[in-house]
Amino acid sequence: KGYRDYGHDMDNTDTLLEVGLGFTADFEKEGGFLGMEAVQAQLAAVGSVANLPKRMIQILLDDPEPLLHHGEVVYRDGKIVGDVRSGSFGHSLGRAVGLVMCESG
């Protein structure tokens, strides 16, 4: 489901857009909200959420045996691409699932 826990999955160094919570912000709200200009500037700089330098993704392991642990390094094609922010066993899926902050590139 991708629930986020402040202080564990995300912190004050992550933006709404990077953690996938841009939909929760009301950019039309009278008077705006704290940090709105920064979020708008970030989006304007990259053009699209897909172009962010980092963002939170959900992962599902192929192998049902290993578990994911907070802070564990994530590799793709032999390169470090991010770290596990939250991991657990998905009983309905039969394998480990996690939230990962993934760097682009």
Side-chain angles (χ1 to χ4, degrees):
K1 294 183 180 180
Y3 296 122
R4 282 113 173 113
D5 179 20
Y6 184 79
H8 188 75
D9 303 327
M10 59 185 189
D11 60 30
N12 63 341
T13 65
D14 303 313
T15 69
L16 284 173
L17 301 176
E18 292 166 347
V19 297
L21 295 176
F23 71 93
T24 66
D26 183 359
F27 293 96
E28 305 301 320
K29 179 180 176 183
E30 185 177 328
F33 58 88
L34 187 62
M36 184 172 82
E37 293 81 13
V39 174
Q40 289 174 322
Q42 181 186 31
L43 189 54
V46 297
S48 166
V49 173
N51 297 328
L52 289 168
K54 69 175 187 172
R55 61 186 179 158
M56 188 167 284
I57 62 169
Q58 297 177 42
I59 63 170
L60 172 67
L61 298 186
D62 290 333
D63 186 344
E65 290 298 316
L67 297 176
L68 295 171
H69 301 280
H70 181 82
E72 195 169 15
V73 175
V74 176
Y75 294 87
R76 180 172 182 176
D77 298 329
K79 294 182 184 174
I80 295 174
V81 294
D83 63 285
V84 175
R85 297 287 181 96
S86 179
S88 190
F89 188 81
H91 291 278
S92 64
L93 300 170
R95 59 190 77 160
V97 296
L99 292 175
V100 172
M101 186 55 79
C102 186
E103 305 282 335
S104 65

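Side chains included, hydrogens not; waters and symmetry mates left out as well; all remaining heavy atoms used. This chain uses plain numbering: 1 for the first residue, then up along the sequence.
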If you group Ile, Leu, Val, Met, Phe, Trp and Tyr by side-chain heavy-atom gaps below 4.5 Å, do [X] and [Y] land in one group?
X	Y	result
Ile59	Tyr75	no
Phe23	Tyr3	no
Met10	Ile57	no
Leu21	Val100	no

Do [X] and [Y] have side chains that get closer than 4.5 Å, going by heavy atoms?
X	Y	result
Leu17	Leu43	yes
Gln58	Val97	no
Val73	Asp83	no
Leu68	Leu61	yes
Val74	Val84	yes
Leu52	Gln42	yes

At their closest point, which heavy atom of [X] faces which heavy atom of [Y], and how far apart are they?
X	Y	value
Arg4	Val19	NE-O, 2.6 Å
Ala96	Pro66	CB-O, 3.6 Å
Thr13	Lys54	O-NZ, 3.8 Å
Pro53	Val46	CD-CG1, 4.3 Å
Gly22	Phe27	O-CE1, 4.0 Å
Pro64	Gly94	CB-O, 3.3 Å

Considering only NZ, NE, NH1 and NH2 on the basic side and carboxylate oxygens on the acidic side, decide whether Arg85 and Asp5 come within less than 4.0 Å.
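A salt bridge is absent here (no side-chain N lies under 4.0 Å from a carboxylate O).
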
So does Asp26 have more than 12 non-hydrogen atoms from other groups sitting under 6.0 Å from CG?
yes

Ring-ring centroid check His8 Tyr6, cutoff 6.0 Å:
no

What do the steps show when you test Leu99 against Met56 for side-chain contact (heavy atoms from CB on, under 4.5 Å), and what is the final call?
CA-CA 7 Å; Leu99 292 175; Met56 188 167 284; 4.0 Å; yes

For the CE atom of Met101 and the CG atom of Asp9, what is their distance to the nearest 0.5 Å?
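So the CE of Met101 and the CG of Asp9 are separated by 9.5 Å.
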
As a quick check of understanding, evaluate side-chain contact (heavy atoms from CB on, under 4.5 Å) for Glu18 and Val49, giving each step before the final call.
CA-CA 8 Å; Glu18 292 166 347; Val49 173; over 6 Å; no

Hey, does the side chain of Arg95 reach the backbone of Leu60 with a donor-acceptor pair shorter than 3.5 angstrom?
no

